[in-house]
Amino acid sequence: MPIRLYNTLSAKIEDLNPIDANRIRMYACGPTVYDYGHIGNFRTFIAVDLLYRFLLQSGYDVRYVMNITDVDDRILSNAARDGVTVQQYTAKYTQAFLEDSATLNVAPPALVRATDHIQEMAEFIAGLVQKGFAYRTDDGSYYFRIAKFPDYGKLSKKDFAGMTDGARVDVDEYEKDSARDFALWKAPKPGEASWDTPIGPGRPGWHIECSVMSMEELGPSFDLHAGGEDLIFPHHENEIAQSESLSGQQFARHWFHARFLLVEGQKMSKSLGNFYTLRDLVLKGHKPSSIRWLLTQVPYRNQLNFTFDGLNAAASSVEKLRNFRFRLTSSQFPAGSNAAIAQLATESAERVTAALSDDLNTAEAQGAIFDMLRKSNTALDAGEVHQEDALSLLAALDRFDAIFAVLKDDDQPKMKAILDWAKAEGRADISPQLEELAGSAQLADDQINQKLADMEAARKARNFKLSDTLRAELTNAGIIVENTKEGVRWRRK
RNA sequence: GGCGCGGUAGCCAAGUGGUAAGGCAGAGGUCUGCAAAACCUCUAUUCGUCGGUUCGAUUCCGACCCGCGCCUCCA
C-alpha cells in the first residue's frame with residue numbers, strides 16, 4: 001500500500017515516491033533554542049515523529065535530520081543582554097528541548113546545529129554570489145536576488161510577478177535592491193556575536209542554515225522536508241530559492257507542514273494567557289502521555305483545539321489502552337487460538353496501517369484500535385480469547401503503539417524529573433497533582449506487594465474493615481488495586 | 001485586500017454521492033463485600049444557513065454567516 005501524503009508544493013495528496021526505492025531522506029526544521037518549547041512546537045515535532053515512525057514501520061530506511069537553530073537575532077541579542085556567549089545561552093534551551101522531546105517520546109533524529117556550519121554557509125553564499133543570485137551591500141550584508149529566481153513563490157503559491165516595489169520598505173533595514181530580497185548574511189551588530197568568514201564578518205540569515213545543512217546531510221535533492229505551517233513562507237520558500245539556484249536541481253520533493261493548534265479555541269499567545277510550554281502543563285499535573293495523545297488525536301493538517309477538557313479526556317483514553325494491554329499481559333488464557341480473534345487482530349492492524357497511509361489519518365487509526373479494544377474486551381469477558389489470540393492482539397496493539405508511543409507507563413519518573421527541575425528553578429506553580437503523581441513511587445514494589453498480601457489475607461478472612469484500610473493506603477500512594485477472578489493485581493495511577 | 005483551511009452530538013473528532021467511525025463526559029444495567037476494570041443499552045432522523053445539481057447530498061456546485069491561518073524571521 002503506497003503511503004499517501006499531502007504535498008504543499010503540488011497542493012495535492014500524492015504517493016510518497018522516494019528517490020531511492022527503499023530509502024527516505026527527510027529533513028525537519030527544528031526549534032530555535034531561545035526558550036522552552038511550547039505545545040505548539042511539539043504538535044509539529046510530534047506530527048513529524050509520527051511520520052518518521054510510520055515510515056520506519058513501513059520498511060523504509062529513513063535518514064532523518066533535524067536542525068537546531070542556535071543562532072538568530074533573538075538569541076544574539078538575548079545573549080548580549082545577559083552577558084553570556086551564544087553557546088552558553090543556547091546550551092540550556094537545547095538541552096531542555098532534548099529533554100522535552102524525550103518526555104514526549106519523540107524519537108530522536110540526527111541533530112545538526114547551525115553554529116557548527118557557519119563556514120559552509122559562507123561558502124554557499126559565495127557560490128550564490130558567483131552565480132549572480134546574491135549580492136553584497138555596502139555594510140557587508142548579503143541578499144538573495146529574488147528577481148533571478150522565476151519559481152519564487154511556487155511553494156507558498158504567491159505571485160510576485162506583478163509586484164514591483166519602490167525604494168525600501170524599511171529604512172532601518174540594510175539596503176537592498178528589492179524589498180523582497182531576503183538576507184543571506186547580515187553584517188555584524190555592535191556588541192553582538194559575529195563570525196569571521198571568507199565573505200566577511202557577520203551572522204547568517206535565517207534560511208541559509210537549513211539549505212546548507214540539509215544539502216550537506218542529504219544531498220542537493222532529497223525526499224521530504226517538514227515543519228510548521230508558518231514556515232511555508234518565507235522560510236521554506238527561501239530555502240528553495242537558495243538551494244535550487246545553487247544546485248540547479250530540485251531541492252526537497254515533498255513538503256510536509258503541520259497546522260497550528262488553538263488553545264481553548266484561540267490562537268496561543270502570551271497576551272491571551274493561553275501560552276503553555278510542555279513543562280507548564282506537567283507542572284499542572286498532566287501526564288506527558290496525555291499530552292502526546294491529545295497532540296496526535298487530530299490529523300496533522302487539521303486545526304487542533306487543545307483544551308484542558310481534552311487533556312483529561314486524553315488521559316482517560318490512554319488509561320483505557322494501558323488497561324487493555326495490562327489485561328492481555330497479566331491474565332491467563334486457555335491454550336490454542338480462536339480464528340475470529342486472530343482475524344480481528346489482523347484486520348485491526350491493517351486498518352491502522354491503511355489509515356496512516358492515508359495522509360497520516362491518526363484519528364481514523366485510533367478509531368480502529370478502539371474498535372479492536374472493545375471487541376476484544378467483550379471476547380475476553382466471554383472467555384473466548386486463547387493464548388495465541390492474546391499474543392496476536394498484543395502484537396496489533398504494540399504495532400499501533402510503535403507509532404503513537406503512549407502505552408509504556410513511564411509518566412511517573414518523567415514527572416518526577418520535571419518536578420525536581422521546577423523546584424530547582426524555584427517555580428511557584430507546582431500543582432498538588434504533580435506532587436502526587438510524581439511521588440507515586442514512594443512505595444517500593446516489595447512494600448506494595450506486602451500490603452497487597454496483607455489485604456488479600458484480610459479479604460479471605462472477610463475482615464473487610466482492615467482490607468479497606470489497606471486499599472485506602474495504597475490508593476493514597478497512587479496505587480490502584482484490582483481484584484479479579486484471577487487474583488489481585490495493581491498499577492500506578 | 002490577496003491566497004488558503006474549516007464549521008458534524010454536552011466536549012474532542014473521523015468520514016462517505018445511498019442514508020452518520022472513535023474517544024471523553026452523562027443516564028441505566030451486568031459483574032462485584034467495597035473498589036477497580038470491563039461489557040451491554042441509551043444519548044446527532046441529522047452534519048453552519050439558504051439555494052442548486054441528482055433518483056438520492058452531510059458528502060458536488062453557488063451565495064451568505066461564523067471561526068482560523070499565511071502575506072518577511074511565531075512550530
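Pairs passing the salt bridge (Lys or Arg N to Asp or Glu O under 4.0 Å) check and including a residue from residues 296-305 of chain A, sequence neighbours excluded, read A/Arg301-A/Asp359. Among residue pairs with one or both ends in residues 310-319 of chain A, those qualifying as side-chain hydrogen bond (donor to acceptor under 3.5 Å, both in side chains) are A/Glu319-A/Arg491; sequence neighbours excluded.
For the pair A/Phe260 and B/rG69, the ring geometry does not qualify as stacking, because the centroid separation below 5.5 Å and plane angle under 30° are not jointly satisfied.
The same atom, P, is picked in B/rU19 and in B/rG28; the two are 34 Å apart, to the nearest Å. Taking atom C1' in both B/rG52 and B/rC70, one finds a spacing of 32 Å when rounded to whole Å. Using C1' as the reference atom, B/rU8 and B/rG15 are 10 Å apart when rounded to the nearest Å. For the P atoms, the distance from B/rA37 to B/rC5 is 43 Å, rounded to whole Å.
Within the 4.0 angstrom heavy-atom criterion, only backbone atoms of the sugar-phosphate kind lie near A/Gly227; the bases stay farther away. A/Gln297 comes within 4.0 angstrom of no nucleic acid atom, judged by non-hydrogen atoms across all strands. A/Ala313 comes within contact range of the sugar-phosphate backbone alone, with a heavy-atom separation under 4.0 Å but no base atom that close. A/Leu231 comes within contact range of the sugar-phosphate backbone alone, with a heavy-atom separation under 4.0 Å but no base atom that close. Residue contacts shown for A/His207 are absent, as no nucleic acid heavy atom lies under 4.0 Å away. Nucleic acid contact class of A/Pro299 (heavy atoms, under 4.0 Å, all strands): sugar-phosphate only.
At B/rC70, one or more side-chain N or O atoms of A/Lys267 fall inside 4.0 Å of OP1 or OP2 (strictly under the cut-off). For the pair A/Asn361 and B/rG15, the criterion of a side-chain N or O lying under 4.0 Å from OP1 or OP2 is met. Remark: A/Arg74 is in phosphate contact with B/rC74, judged by side-chain N or O atoms under 4.0 Å from OP1 or OP2.
Annotation: of the two residues near RNA chain B, A/Pro234 and A/Ala258, the 5′-most nearest-nucleotide partner is A/Pro234.
Taking atom CD of residue A/Gln366 and atom P of nucleotide B/rC24, one finds them 12 Å apart after rounding to whole Å. Rounded to a whole Å, the CG atom of A/Asn305 is 10 Å from the C1' atom of B/rC11. If you take CE of A/Met372 and C1' of B/rA21, they are 16 Å apart, rounded to a whole angstrom. Atom CZ in A/Phe306 sits about 13 Å away from atom P in B/rA13, given to the nearest Å. Spacing between atom CD1 of A/Ile232 and atom P of B/rG69 amounts to 14 Å, rounded to whole angstrom units. Computed from coordinates, the A/Asp35 CG to B/rA75 P distance equals 10 Å when rounded to whole Å. Rounded to an integer number of Å, the gap from A/Arg351 CZ to B/rG22 P is 9 Å. As rounded to whole Å, 16 Å separates atom P of B/rA13 from atom CZ of A/Phe370.
In this structure, a donor-acceptor pair under 3.5 Å is absent between the side chains of A/Tyr34 and A/Asn78.
Residues forming a ring pair (Phe, Tyr, Trp, His ring centres under 6.0 Å) with A/Tyr276 (at least two apart in sequence, or on another chain): A/Phe308. Scored by the salt bridge (Lys or Arg N to Asp or Glu O under 4.0 Å) test, A/Asp309 finds no partners at all (sequence neighbours excluded). Here A/Lys157 pairs with nothing under the salt bridge (Lys or Arg N to Asp or Glu O under 4.0 Å) rule; sequence neighbours left out. Not counting sequence neighbours, the partners of A/Ala80 by the side chain to side chain contact (heavy atoms under 4.5 Å, CB included) test are A/Glu192. With sequence neighbours excluded, the residues that form a ring pair (Phe, Tyr, Trp, His ring centres under 6.0 Å) with A/His235 are A/Trp206, A/His207. Taking the side chain to side chain contact (heavy atoms under 4.5 Å, CB included) definition, one finds that A/Glu364 meets it with A/Ala355, A/Asn361, sequence neighbours left out. Residues that satisfy the side chain to side chain donor-acceptor pair (under 3.5 Å) test with A/Arg322, not counting sequence neighbours, are A/Ser289, A/Asp409, A/Asp411.
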**Stepwise ring-ring contact (aromatic ring centres under 6.0 Å, His included) test for A/Phe144 and A/Tyr152** = CA-CA 11 Å; A/Phe144 184 87; A/Tyr152 194 72; 7.2 Å; no

**ring-ring contact (aromatic ring centres under 6.0 Å, His included) assessment of A/Tyr36 paired with A/Tyr93** = CA-CA 6 Å; A/Tyr36 292 103; A/Tyr93 295 112; 5.2 Å; yes

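Both key distances under 3.5 Å define a Watson-Crick or G-U pair, and stretches of 3 or more such consecutive pairs in RNA chain B run B:1-7 with B:65-71, B:10-12 with B:22-24, B:26-30 with B:38-42, B:48-52 with B:60-64.
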Are there any protein N/O atoms within less than 3.5 Å of an N/O atom in nucleotides 3-10 of chain B, and if so, which ones and at what distance?
| from | atom 1 | to | atom 2 | distance (Å) |
| --- | --- | --- | --- | --- |
| B/rC5 | O2' | A/Arg259 | NH1 | 2.9 |

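Remark: A/Lys154 NZ is packed, more than 12 non-hydrogen atoms of other residues, nucleotides or ligands lying under 6.0 Å away.
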**Base-contact (B) and sugar-phosphate-only (S) positions in nucleotides 28-44 of chain B, heavy-atom cut-off under 4.0 Å, - elsewhere** = -----BBBBSSSS----

